[in-house]
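Handing you a structure now.
Everything numeric in this text was worked out from a predicted model, so none of it was measured. Each chain gets a letter, A, B and so on, in the order its sequence line appears, and its residues count up from 1.
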Amino acid sequence: MQETLYSRFAPKMYAVCLRYCGSTDDAQDLLQDGFVKVFNNLEKYRGDGSFEGWIRRIFVNTSIEHFRRKVKLATVSEAQENTIEDKEWNALDSIAEKDIIKIVQQLSPGYRQVFNMYVIEGYSHKEISEILGISEGTSKSQLARAKVILKKMIETNLLQQ
Amino acid sequence: MSDNWQNRIFNHEETPPNNAWENIAKQLDAMEEKKSSVIQTEVPSVVEQKKSKIIYWRMAAAACITAIIATTIIWMNIDNKNAPGNTHVAKVPVSTEPKVDNQIANINANNKATESVATVSKKEIFTNNKKTIDQTDSNEKLEYAKTDVVKSLATNPALNKKEKLVGTGGDVINDISLMNSPNSYVSFIGPNGQEVKVSSKFSNLVGYMDGKDPEAEENLDKIVSESNFWRGKFKKWRNKMINTNIAPSPSNFLDIVELSKLLNEQ
């Protein structure tokens with residue numbers, strides 16, 4: 001049963017791991033830790049939401065725990081927020097998923113965490129601040145910085161193409 | 001911000017490395033082994049703890065029961081000693097009833113014996129005398145023959161036996177004087193015609209069993225008077241009574257109690 005579960009959810013969860021990690025080695029470690037947690041806590045799944053959502057949450061939390069010590073988030077002034085326009089985000093539509101993941105992986109761990117949680121997973125800044133143990137302002141500033149860096153990366157990537 | 005690329009990234013799937021599942025399986029197996037070993041080491045300790053608890057409670061229960069029984073016995077003993085009706089009952093060992101026990105034992109022994117009656121009876125008398133000594137030494141162990149026992153002795157079926165034990169001359173020997181004649185034997189013919197040789201001391205007992213001798217009391221008196229034990233006992237009591245100032249009278253209950261106490265002194 002465990003192997004069936006693994007083969008069913010491993011590709012999606014590995015993609016999650018890759019987004020949160022800077023390297024494939026870290027992603028593999030994270031995948032292993034995440035599935036071990038899933039199998040050890042299967043009886044705790046109460047059927048409230050989707051099973052995939054429950055597993056994804058475990059993987060996100062595992063990745064957060066994994067990098068909590070490494071990441072030191074600096075507070076940035078709120079003026080730096082939302083400096084990337086929507087049209088620049090739209091440029092990502094033309095980029096393949098693998099390339100987007102590669103771009104995200106180049107972010108520093110702090111930016112990557114907040115970016116993934118806010119933009120991809122859909123957490124609010126309040127939730128991110130509670131999960132990461134930071135203030136909401138820090139979460140916002142991290143996201144703003146991540147966006148700036150991503151903008152540059154996207155431009156570079158598009159130029160290379 | 002476009003949701004398109006976000007959804008694509010959210011649902012994106014990436015094939016994990018081939019050895020990923022093997023590593024996960026290994027880790028799970030290792031954890032399973034660790035868990036089972038922990039359970040194996042913990043289970044006996046839990047069982048031992050339960051056992052020790054059970055033993056502790058059993059010991060406590062046993063101690064409580066013992067204490068209750070001991071307390072009850074002590075209370076009952078105290079009550080018995082304090083009871084006014086029991087005071088002089090335990091202090092009247094001056095009785096010939098133990099002697100009656102000897103007689104019963106002897107008669108029974110004679111009824112059963114076909115050979116070596118003398119030896120057996122001597123042993124019986126000796127052991128019964130010894131018993132009597134033990135009984136009189138300890139007031140707690142005294143047992144007295146009851147009236148109904150004596151009565152049943154008088155109506156012993158042996159007295160009405162059809163086939164009598166008779167002497168070789170055809171008569172039942174009933175001479176009390178023969179009782180203490182040393183080294184003399186009396187021969188009897190038993191109910192089945194067999195000849196039985198017994199000490200002359202038991203001749204009158206045999207006669208008594210055959211119903212020829214109605215003077216049972218005489219026999220008893222004879223045995224009692226010849227008993228060294230009772231002779232010594234009477235002598236002791238006599239000396240005590242001589243050397244005491246108490247002059248008991250039948251009308252004075254306290255005098256009788258005092259006399260009883262005196263006789264019971266060790």
Side-chain angles (χ1 to χ4, degrees), chain A residues 2-19 21 24-25 27-40 52-53 56 82 84-104 115-116 118-122 147 150 154, chain B residues 1-69 71:
Chain A
Q2 288 175 338
E3 196 167 0
T4 312
L5 269 178
Y6 172 81
S7 53
R8 166 77 178 80
F9 293 103
K12 270 193 180 179
M13 294 309 124
Y14 186 57
V16 172
C17 295
L18 284 171
R19 270 196 287 118
C21 298
T24 50
D25 288 342
Q28 198 174 334
D29 289 346
L30 202 59
L31 185 76
Q32 187 172 328
D33 289 351
F35 268 109
V36 168
K37 273 191 181 179
V38 167
F39 293 137
N40 285 335
E52 188 186 319
R56 183 183 286 270
N82 300 322
I84 297 177
E85 300 297 325
D86 281 351
K87 60 181 179 183
E88 285 158 341
W89 284 115
N90 290 340
L92 288 168
D93 287 341
S94 58
I95 302 173
E97 292 93 326
K98 280 192 176 181
D99 293 330
I100 296 172
I101 288 172
K102 279 180 184 172
I103 291 167
V104 172
F115 177 82
N116 274 318
Y118 186 84
V119 180
I120 311 295
E121 313 294 347
K147 282 177 178 177
L150 271 174
I154 291 164
Chain B
M1 199 189 302
S2 171
D3 289 338
N4 189 19
W5 70 270
Q6 285 167 300
N7 286 332
R8 280 194 295 130
I9 292 292
F10 187 83
N11 294 315
H12 178 63
E13 292 186 4
E14 196 81 31
T15 308
N18 290 331
N19 62 343
W21 169 246
E22 288 171 10
N23 292 337
I24 292 168
K26 277 181 189 174
Q27 193 175 342
L28 288 171
D29 288 344
M31 289 173 77
E32 203 61 38
E33 281 178 16
K34 200 176 178 182
K35 268 186 188 176
S36 61
S37 65
V38 168
I39 289 167
Q40 279 175 351
T41 51
E42 280 179 357
V43 165
S45 66
V46 171
V47 171
E48 282 172 12
Q49 281 179 351
K50 280 184 180 177
K51 274 185 181 177
S52 63
K53 276 184 182 177
I54 289 168
I55 291 168
Y56 171 77
W57 282 112
R58 281 181 181 172
M59 286 174 70
C64 287
I65 290 166
T66 311
I68 290 166
I69 290 169
T71 312

- Message: I'd like to verify something: which residue of B:Ala25, B:Ala20, B:Pro17 has the highest number of heavy-atom pairs under 4.5 Å with chain A?
- Response: B:Pro17

- Task: Please name the pair of heavy atoms, one in B:Phe10 and one in A:Arg56, separated by the smallest distance, quoted to 0.1 Å.
- Result: O-NH2, 2.8 Å

- Query: Can you say whether A:Asn116 sits under 4.5 Å from chain B via the side chain, the backbone, both, or neither, judging by heavy atoms?
  - Reply: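 Contact with chain B involves no heavy atom of A:Asn116 at all.
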
- Is there a side-chain contact between B:Asn23 and A:Phe35 (heavy atoms, below 4.5 Å)? no

- Query: Quick one: are A:Ile120 and B:Trp5 in side-chain contact, heavy atoms under 4.5 Å?
  - Reply: yes

- Do the side-chain N and O atoms of B:Asn19 and A:Gln28 include a donor-acceptor pair separated by under 3.5 angstrom?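 Yes, side-chain donor-acceptor contact under 3.5 Å.
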
- Query: About how many Å separate CG of B:Leu28 and CD of A:Glu3, when rounded to the nearest 0.5 Å?
  - Reply: 11.0 Å

- Euclidean distance, A:Gln32 CD relative to B:Glu22 CD, rounded to 0.5 Å: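 Going from the CD atom of B:Glu22 to the CD atom of A:Gln32 covers 11.0 Å.
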
- Item | Option from B:Glu13, B:Glu14, B:His12 for which side chain to side chain contact (heavy atoms under 4.5 Å, CB included) with A:Lys12 holds | B:Glu13

- Message: Less than 4.5 Å to any heavy atom of chain B: does that hold for the side chain of A:Leu31, its backbone, both, or neither?
- Response: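 Both parts, heavy atoms under 4.5 Å.
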
